[in-house]
Amino acid sequence: MAELSSNWKELQARLKAEEGTQPQRKRKATDETNPHQKRVKTSKPPDHTASPASQARQRKHSPKRAMGGVHSSKMESGPRHGPSPSLALWAEDNDISTEALAEAYELGAQRDNSMMMASAKDKVNHGLSEGVEIGKYVAMDCEMVGVGPGGHESSLARVSLVDFNGRQVYDSYVKQKERVTDWRTAVSGISQKEMRFARSFDEVQRAVFSIVKDRILVGHDIKHDLEALKLSHPPRDIRDTARYHGFKRYGHGRKPALRTLAREILAVEIQEGPHSSIEDARVTMLLFRKHKPGFDVDHANRYAPKPAPNNHKASSRKPKKSKSRNT
């Protein structure tokens, strides 16, 4: 695996230091760590009419009260989530991305499904979103319509991109240059009325290129989306959930479907009706985030620099002397 960067190591050290400085909270006097343990009953007051020996036996066998039982404070429920303001400022000063902070606090592994709720804020055909600081990673998905005889040839009709945190970065319908022979509305969710507000192919292509350039592009069988956009992207900067070895078993010998991966890995149902390219891009990013360490290992194994061959082997043979002929 590729060695962690110095910034990442320093971030981990900061997190451990923060955890170590958290003050310990008091527990209740009752043993809350063992809910099955019975509460200790208060002993009866000593009988002063009894003999001194009997009173001594009562004091000996009476249970002791726990210290601070009356004034014990209630424990806070649940651990603290998210970076402190000081750590966030430090990360910003040291050029550590929000993606790295999210990974460090494990915001992606257990609570990623909450990203699906971001769909309430999606703005269809909005173009480039304002105020979204795009990080290192973007996920993309496209919807197609059919052109040509029988509508078997695919033509780009919608493009959506989301960032590492699932926020909408870009969404646009695409005007068609050819006559559409099959809108595929049941699958694409697109009909002729959406084309009234669509942007030209050239405008969409330029916008998408400016977003994905010099970034890690996440997608599901992303090759087809890039072909529809007539764009290329460096293979070393692509993370494809349809080709990740850890997901192969869900495909039963074929490329696994995004819907299957969402159901089996994320426990969410998608594509039950017309597809949404924003939703599909968000699910793709969720899958990548959940298995990012495995993707990183695959990438390191595939693109790790190979050692240079050793061409300076010592020769045991002595060079032959050329024979000169006397004339």
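- Taking the ring centroids of F247 and H291, they lie under the 6.0 Å cut-off.
- Atom CH2 of W183 and atom CD1 of I190 lie 8.0 Å apart (nearest 0.5 Å).
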Inset, instruction - For side chain to side chain contact (heavy atoms under 4.5 Å, CB included), just list the numbers for V268 and R263, CA-CA rounded to whole Å, side-chain angles, deciding distance to a tenth of an Å, and then say yes or no. - result: CA-CA 5 Å; V268 296; R263 181 178 63 249; over 6 Å; no
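- With Y137 as the aromatic partner, R215 does not meet the cation-pi criteria of under 6.0 angstrom to the ring centre and within 45 degrees of the ring axis.
- The salt bridge (Lys or Arg N to Asp or Glu O under 4.0 Å) pairs that include a residue from residues 225-254 are D240-R243, where partners are two or more places apart or lie in different chains.
- Using cut-offs of 30° and 60° on the angle between ring planes, the pair H299 and Y303 is tilted.
- Between the side chain of H220 and the backbone N or O of P256, at least one donor-acceptor pair lies under 3.5 Å.
- A distance of 6.5 Å separates CG of L287 from CG of L258, quoted to the nearest 0.5 Å.
- Applying the side-chain contact (heavy atoms from CB on, under 4.5 Å) test to L231 and every residue at least two apart in sequence or in another chain returns Q205, V208, F209, L226, L229.
- Q168 pairs by the side-chain hydrogen bond (donor to acceptor under 3.5 Å, both in side chains) definition with nothing, not counting sequence neighbours.
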Legend entry - Check against ring pair (Phe, Tyr, Trp, His ring centres under 6.0 Å), F197 and Y173: CA-CA 7 Å; F197 312 103; Y173 292 121; 8.5 Å; no
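- One N or O on the side chain of Q176 and one on the backbone of V174 form a donor-acceptor pair closer than 3.5 Å.
- Under the side-chain contact (heavy atoms from CB on, under 4.5 Å) rule, V145 has a single partner from S154, S191, S155, which is S155.
- The closest donor-acceptor contact from the side chain of R259 to the backbone of E269 lies at 3.5 Å or more, if one exists at all.
- Applying the 6.0 Å contact sphere to CD of Q192 captures no more than 12 heavy atoms from other residues, nucleotides or ligands.
- By the rule that hydrophobic residues join a cluster once side-chain heavy atoms approach within less than 4.5 Å of another member, M144 and M195 end up as members of separate clusters.
- Taken from CG in D214 to CD1 in I211, the straight-line distance is 13.5 Å, to the nearest 0.5 Å.
- The distance from the CD1 atom of I270 to the CZ atom of R282 is 11.5 Å, given to the nearest 0.5 Å.
- One finds a salt bridge joining D296 and K292 here, because a Lys/Arg side-chain nitrogen approaches an Asp/Glu carboxylate oxygen to under 4.0 Å.
- Only one option out of V162, T241, I222 pairs with T284 in a side-chain contact (heavy atoms from CB on, under 4.5 Å); it is T241.
- Salt-bridge annotation for R158 and D171: present, with a side-chain N of the basic residue lying under 4.0 Å from a carboxylate O of the acidic one.
- No donor-acceptor pair under 3.5 Å is formed between the side chain of S129 and the backbone N or O of V132.
- Taken from NE2 in H224 to SG in C142, the straight-line distance is 11.5 Å, to the nearest 0.5 Å.
- For the residue pair D280 and Q271, a side-chain donor N or O sits within less than 3.5 Å of a side-chain acceptor on the partner.
- Between G189 and P274, the closest heavy-atom pair is CA-CB, 3.6 Å.
- Looking at S188, its side chain never comes within 3.5 Å of a backbone N or O of E143 through a donor-acceptor pair.
- In this structure, the separation between CG on D141 and CD1 on I278 is 10.0 Å, given to the nearest 0.5 Å.
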